[in-house]
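In what follows, chains carry the letters A, B, and so on, assigned in the order in which the sequence lines appear, proteins first and then strands, with residues in each chain numbered from 1. Quick caveat: nothing in here was measured; it's all calculated off a predicted structure.
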Amino acid sequence: MELRLFNTLTKEKEPFAPLDPARVRMYVCGPTVYDFAHIGNARPVIVFDVLYRLLRHLYGEGKVKYVRNITDVDDKINARAAEEYPKLPLNEAIRLVTEKTEKQFHEDVDALGCLRPDVEPRATEHIGEMRDLIERLVKSGFAYVEQEHVLFEVGKMSDYGKLARRSLDEMEAGARVEVAPYKRNPMDFVLWKPSKPNEPGWPSPSGIKTPGRPGWHIECSAMSWKHLGETFDIHGGGIDLVFPHHENEIAQSRCSFHTPIMAKTWMHNGFLQVEGEKMSKSLGNFVTIRELLTDWKGRGWPGSVVRLAMLKTHYRQPLDWTTDRLVESDVQMGVLKNTVRIANPDRGAIIPEVVAALADDLNSHLALSALMKRGNDSNDVAKTGLWLGLFKEEDFKIGRDHAAGIKTAVQEALEKVASDLVDARNAARANKDWKESDRIRDELKAMGVVIKDNKDGTTTWEIAR
RNA sequence: GGCCACGUGGCGGAGUGGUUACGUAGCGGACUGCAAAUCCGCGUACCCGAGUUCGAUUCUCGGCGUGGCCUCCA
């Protein structure tokens, strides 16, 4: 099956061919760990999780390497640490903030059914690689040292701006901010900057005496290099990262290694709004993953429902996050769960139409349509839903145990009670005592058991969703 | 101001130069003592204007609207 992906570099959907099919390599920009991740952060995590699953399916599980970084050096982190732990030394406070936030992030995205990447490198563990890259750039003339800063000189790179499709002239004309005095060109960007005495700092490159810290972009160049090599296949993130972040990553990496590309395919997910408005703290419509899972609009939403709600829209389209979207996803998830309630994924196969839809630039909505199509074999739906991350293995534990004849004491007791009541109700029905029959059904309902009178005359029951 | 994306039925949303998915909601029906679940049927949409064309929702140009980037940001 041919995989086609939209490449921001060429603005075209193109056939995907890995540099090395035995080692498919993908890098996605991960979170800056200073606060709960919000629903906008969840979008790329879910989207690229689906791509990761698809790549593993197409090339083999052991053949794909997925790297998603954790940014643990950043001014926002420093500010948050000082605010939350004013009495601790800053470095210790920073460690507490980043560790806590990283744990929260993992809990949240696990709940959304996302697989962990193969490597989750931390910026602070790659300062050496960053210094190495910076030294290379200075030596080869792409970067310069000025007032203890190291800056990348954009004018030295002939096709700077290619990803964002902007020429230097256009960008300078649009520059609205004050230009720092140490910059040769207004668009030059920081690779390394000096730290104040109370800030985190590391030995500086290129003969700078004062300890310093990295600029924002260099960490991704360093970590992708360390874990994926000088060039790799896919680099992903939110569309807002195209400029300047990804443009600058490309500049750093290509000029360090003198390569024509950094990543072959650049993929960017579209932005998300909340109830038709831009999500922002000032509007008060900021939605964190944690809120969604526990209490948003009066209830908690299962991770699978959030995942489904996210994948209903193609990843490059803008997405409006609304209650209606979640309610509909909840209904659909209920239908899916009902379909697979006695299914066994081990006996099913991944539905080819679902894979085909995803292989066409991750058309997740069409894939979901194929999954929910009437008449699908329930074992196939189970297998495919599991593969898509919509179901978890434990969703099928009861079905499997049931098939294997394993029951817990609680289940046995429940079954005894329920089957006695069902028998009593059927006896009442045989006497056309509808009042008693309905009373027993209500009693069962109160216990969380739903009755179904089947067409063949039998009566079955199940635990209410 | 510069660059870019998007605009499809009540809602979500795919797709296509001509035959107009699918889901959800709604309505009608089958099945039921009544329910639940399931199944069947119905609705007939593509921002506006101009152009290309035998024919455009689909291509081109212009407009309007929404959003993004240009500054930390998924």
(message) Given the ring of A:Phe16, does A:Arg4 sit roughly above its face, with NZ or CZ under 6.0 Å from the centre of the six-membered ring and within 45° of the axis?
(response) no

(request) Using the ring of A:Trp301 (Phe, Tyr or Trp, six-membered ring only), decide whether A:Arg299 places NZ or CZ under 6.0 Å from its centre and within 45 degrees of its axis. (result) yes

(request) Give a yes/no on whether any side-chain N or O of A:Asn41 is located under 4.0 angstrom from OP1 or OP2 of B:C73. (result) no

Could you pull out the protein-nucleic contacts involving nucleotides 13-15 of chain B (nitrogen or oxygen on both sides, under 3.5 Å)?
{"unit_1": "B:G13", "atom_1": "OP1", "unit_2": "A:Thr313", "atom_2": "OG1", "d": "2.5"}
{"unit_1": "B:G13", "atom_1": "OP1", "unit_2": "A:Arg325", "atom_2": "NH2", "d": "2.9"}
{"unit_1": "B:G13", "atom_1": "O2'", "unit_2": "A:His365", "atom_2": "ND1", "d": "2.8"}
{"unit_1": "B:G13", "atom_1": "O2'", "unit_2": "A:His365", "atom_2": "NE2", "d": "3.4"}
{"unit_1": "B:A14", "atom_1": "O3'", "unit_2": "A:Asn363", "atom_2": "ND2", "d": "2.9"}
{"unit_1": "B:G15", "atom_1": "OP1", "unit_2": "A:Asn363", "atom_2": "ND2", "d": "3.2"}

(request) Specify the residue among A:Tyr34 and A:Lys11 whose closest nucleotide of RNA chain B lies further upstream toward the 5′ end. (result) A:Lys11

(request) Nearest-nucleotide wise, let me know which of A:Arg429 and A:Lys373 is further upstream toward the 5' end of RNA chain B. (result) A:Lys373

What does [X] touch in the nucleic acid at a heavy-atom separation under 4.0 angstrom: a base, only the sugar-phosphate, or nothing?
X: A:Lys76; answer: sugar-phosphate
X: A:Leu241; answer: sugar-phosphate
X: A:Leu368; answer: nothing
X: A:Asp324; answer: nothing
X: A:Arg68; answer: nothing
X: A:Phe243; answer: sugar-phosphate

(request) When you get a sec, tell me which of B:U66, B:C40, B:G33 is the closest nucleotide to the side chain of A:Arg425? (result) B:G33

(message) From C-beta outward on A:Asp240, which listed nucleotide comes closest to its side chain: B:C39, B:C69, B:A37?
(response) B:C69

(request) Please work out which residues in residues 378-386 of chain A have a non-hydrogen atom less than 4.0 Å from an atom of RNA chain B and list them by number. (result) none

(message) With the threshold set at under 4.0 Å for non-hydrogen atoms, list the residues of residues 101-124 of chain A touching RNA chain B in residue-number order.
(response) none

(message) Are B:G67 and A:Phe271 stacked, with the base six-membered ring and the side-chain ring centres under 5.5 Å apart and planes under 30°?
(response) no

(message) Check this for me: does any side-chain nitrogen of one of A:Arg80 and A:Asp35 sit under 4.0 Å from a carboxylate oxygen of the other?
(response) yes

(message) Whether A:Lys13 and A:Asp360 form a salt bridge (side-chain N of Lys/Arg under 4.0 Å from carboxylate O of Asp/Glu) is what I want to check.
(response) yes

(message) Between B:C34 and A:Asp453, counting only base atoms on the nucleotide and side-chain atoms on the residue, is there a donor-acceptor pair under 3.5 Å?
(response) yes

